[in-house]
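Every chain is numbered from 1 and lettered A, B, ... according to where its sequence line falls, protein lines coming before strand lines. Predicted, not measured: the structure shown is a model, and the values here were computed from it.
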Amino acid sequence: MSIHDLRSLDEAEALFPPRSLPAGAEVLRIAPSPTGFPHIGTAMQTVLNRALADKTGGIFIVRIEDTDRARLVNGAEEAVMAALDWLGIPPDEGPNQPGDYGPYRQSERLPLYRLAAEHLTQLEKAYHCFCPPERLEKLRQEQMAAGHNPRYDRHCLALPQAEIRSRLAAGEKSVIRFRAPEDGPISFVDEVRGPISFDADRVDDPILLKADGYPTYHLAALVDDHFMRVTTVIRGEEWISSTPKHIALYRAFGWEIPRFLHTVILRDAQRRKLSKRSGDTSLRWFQAQGYLPEGFRNFLTRLLWPHPEEKDIYPLEDFVRLFNVRNLPRTGPVVDAQLLDFINGHYLARLNPEAMRLACADYLACLEKTPDAGPASSREVDIAAFRRELESNPGYARKVFALEPERNRKLADIFVNNGFFFEATLKSATREQLLKYAQTPDQGVRLLEAMRDLLAVSLPEQEAWETGMRGLAEAAGLKPKPVFMMARLALTGSEKTPPLYAIMEILELGRVRERLGLASQTLKQNFA
RNA sequence: GUCCCCAUCGUCUAGCCGGCCCAGGACAACGGCCUCUCACGCCGUCAACGGGGGUUCAAAUCCCCCUGGGGACGCCA
């Protein structure tokens, strides 16, 4: 028996029987629509769903809500699933994890929605509506101008059966609308906010089935939640005002109403709902910045929940074990990049050099595929060459990443913090940089060459080298700092680096001498 | 316009079944220590209960109003 053989809702009940799960087990779902790259909000929902499912021994489902054919984006479903993959949060059931309650793509469940709509129509709880969109739009505007809540005027509610049949037969476009209850309060208990109630007259007659035969969210999500035996509907706060609509529908079907949990929606720095305008909020962007999945997950839970010991860094298990639905926040948190960086930095620093090397290689491979998503610092370098260099000399890369790993807060930082260790990303010191510390080009050249002489045969012991450098400074009538800075610039092209001696040990004598020579060449050139 | 949700430092928040709070922690910022630079680390500083009414011996904590912010009002989800 498949969904296509179904003749009634009763048969569907039999096809999708109640799940046999331990008491208290929650069946949860996220319902992304494949209209673009998945969003940080989707990731937050995912973490929360997974955590609650794990906490209660339940099930976490991914359901693709692809009922809007106009906004459908090619490859978006793959992007959603790839993002969840990257996040490291696998669903128990979904388009790629078939289960007994599938299919998990709404476009493949159309017969079910049609059956549901017909069922309500027969009960006279739904009706055909032939009103063209233009009429509805005009109506809406008039109502709002008059200071009323816009709602359908039920123009088609009382159409005679015969007329409906003939217009349908003539091929006239129509939709099916729910006949919403006229009066009485509709209330529900939100799992995080407590009781919320609306007047029934707030509920418009929502369209259930569109003219193209596809269901709207209201019908599709509700039917699926019912037949997938979802116990708690977790969704963003923006759905609160639609909930009475859904409650009324559940009642019309005579179905058990699930629990509702409306999460906060994430805000940007202006406290607006996070959107395209707030900058890139797609998971792809966070990945391309080089956030680690575990760091990103920690950040997400941190936004949802204060650790009882007031920690910022904690394993996901702590969240699963200790969080409580009632303590979820009610005010939309601002996505704070500084906090994310701080948290991610901890995870990055904790990686051993080999894990770091692997993470970098993966990261660069990802940037190679989507170079436009990468940070500015990555755009000017040959990513492929950088990756080959990392992979061709793992021992060297490990030494590099063992040096002050806490400098990097996200993988993108390697371009500036570790770039000088690799040919593909090296930027040599400029004349201007060097002349900040040398009083004259001539003096700079003499110092750089003297430094090279200190390293004529081998790298001396650290103390001996430093004494030598200080001696150079004294002889030139300079403080030690400018001399060290010239060496730093010559070796790295940067003024902010780890300690020089450690850098020289990794670079090794040949390259150190080479770079010192190169820098003095730079000073000699343009020596007007 | 109508309805709904929310309200403690710049940010995330603890506290909220009233006194232990002239409000605690973390991020950020700033200052200092360390030092060949930067980062890390350590020490320190700045910084909030939106306003007004109640209730009470006592309110960040309870109630009401205002204000502010957010969200929803689609053949989008």
Side-chain angles (χ1 to χ4, degrees), chain A residues 31-35 65-68 70-71 129 131-133 136-137 140 143-151 173-177 190 192-193 196-199 201-204 206-218 220-221 235-244 262 264-265 267 269-273 299 302-313 329-343 345 349 404-409 413 417 437 466 469-470 473 479-489 492 494-501:
Chain A
S33 61
T35 53
E65 310 229 319
D66 55 348
T67 56
D68 185 346
R71 290 203 315 157
C129 169
C131 293
L136 300 174
E137 184 52 36
R140 250 194 301 276
Q143 288 170 327
M144 278 174 95
H148 296 123
N149 180 43
R151 52 180 308 171
K173 290 257 182 229
S174 74
V175 302
I176 292 184
R177 279 186 189 273
D190 184 90
V192 342
R193 281 157 228 271
I196 298 179
S197 109
F198 292 80
D199 282 334
D201 66 10
R202 295 294 311 169
V203 182
D204 199 2
I207 290 173
L208 263 21
L209 222 50
K210 305 183 244 184
D212 64 3
Y214 279 75
T216 58
Y217 171 88
H218 306 299
R235 58 188 0 176
E237 197 179 0
E238 67 266 31
W239 288 104
I240 291 180
S241 43
S242 299
T243 305
H262 292 99
V264 288
I265 40 195
R267 311 291 177 82
Q270 285 74 242
R271 291 208 157 275
R272 307 262 155 192
K273 176 179 175 177
F299 172 65
R302 178 67 187 69
L303 247 30
L304 283 174
W305 174 74
H307 192 283
E309 292 166 39
E310 302 194 311
K311 291 184 196 168
D312 287 319
I313 316 289
R330 280 162 287 254
T331 41
V334 171
V335 174
D336 181 3
Q338 290 178 317
L339 215 215
L340 208 209
D341 282 1
F342 169 76
I343 291 174
E404 298 195 341
E406 67 278 2
R407 305 182 80 84
N408 298 323
R409 315 203 106 190
D413 295 343
N417 290 335
Y437 299 98
E466 281 195 26
M469 289 287 278
R470 285 173 203 279
K479 297 218 177 240
K481 181 174 164 178
V483 175
F484 281 102
M485 282 309 279
M486 269 183 264
R488 168 166 286 111
L489 282 168
T492 70
S494 164
E495 297 186 36
K496 303 169 178 182
T497 77
L500 283 175
Y501 192 82

Between B:C4 and A:Thr243, is there an OP1 or OP2 to side-chain N/O distance shorter than 4.0 Å? no
Closest nucleotide among B:G25, B:C40, B:C75 to the A:Thr216 side chain: B:C75
For a quick check of understanding: with a heavy-atom distance under 4.0 Å over all strands, which category does A:Pro133 fall into, base, sugar-phosphate or nothing? base
Among A:Asp413, A:Asn417, A:Asp341, the one residue meeting side-chain hydrogen bond (donor to acceptor under 3.5 Å, both in side chains) with A:Asn408: A:Asn417
Please give, in whole Å, the distance from B:A77 P to A:Arg235 CZ? 13 Å
Would you state whether a donor and an acceptor, one from the side chain of A:Glu238 and one from the base of B:G70, lie under 3.5 Å apart? no
Searching all strands shown, indicate the nucleotide that pairs with B:C3 (Watson-Crick or G-U wobble; both distances under 3.5 Å). B:G71
From CG of A:Leu209 over to C1' of B:G74, roughly how many Å is that when rounded to an integer? 16 Å
Any A:Arg330 side-chain N or O less than 4.0 Å from OP1/OP2 of B:U8: no
For B:G19, which nucleotide is its Watson-Crick or G-U wobble mate, given both distances must be under 3.5 Å? B:C57
Would A:Glu237 and A:Arg330 pass as an ion pair if we require N to O under 4.0 Å? no
Give the nucleotide from the list B:G70, B:A77, B:U11 with an atom nearest to the side chain of A:Asp68. B:A77
For B:A77, does OP1 or OP2 lie under 4.0 Å from any side-chain N or O of A:Lys210? yes
Are OP1 or OP2 of B:C4 and a side-chain N or O of A:Arg202 less than 4.0 angstrom apart? no
Output yes when at least one side-chain N/O atom of A:Arg151 is less than 4.0 Å from OP1 or OP2 of B:G1, else no. no
Is any side-chain N of the basic residue among A:Asp68 and A:Arg71 closer than 4.0 Å to the acidic one's carboxylate O? yes
Within the side chain of A:Arg151, is there an N or O that forms a donor-acceptor pair under 3.5 Å with the backbone of A:Val203? yes
Between B:U37, B:C75, B:C40, spot the one nearest the side chain of A:Thr497, thanks. B:U37
Are any of A:Arg140's side-chain N or O atoms less than 4.0 Å away from OP1 or OP2 of B:C73? no
d(CG, A:Asn149; P, B:C4) in whole Å: 11 Å
Short side-chain donor-acceptor distance under 3.5 Å, A:Ser242 and A:Arg235: no
B:A47 versus B:C27 - spacing of their C1' atoms, nearest Å: 13 Å
Which whole number of Å gives the distance between the C1' atom of B:G31 and that of B:C46? 10 Å
If only side-chain N and O atoms of A:Lys273 are considered, is one of them under 4.0 Å from the OP1 or OP2 phosphate oxygen of B:A72? yes
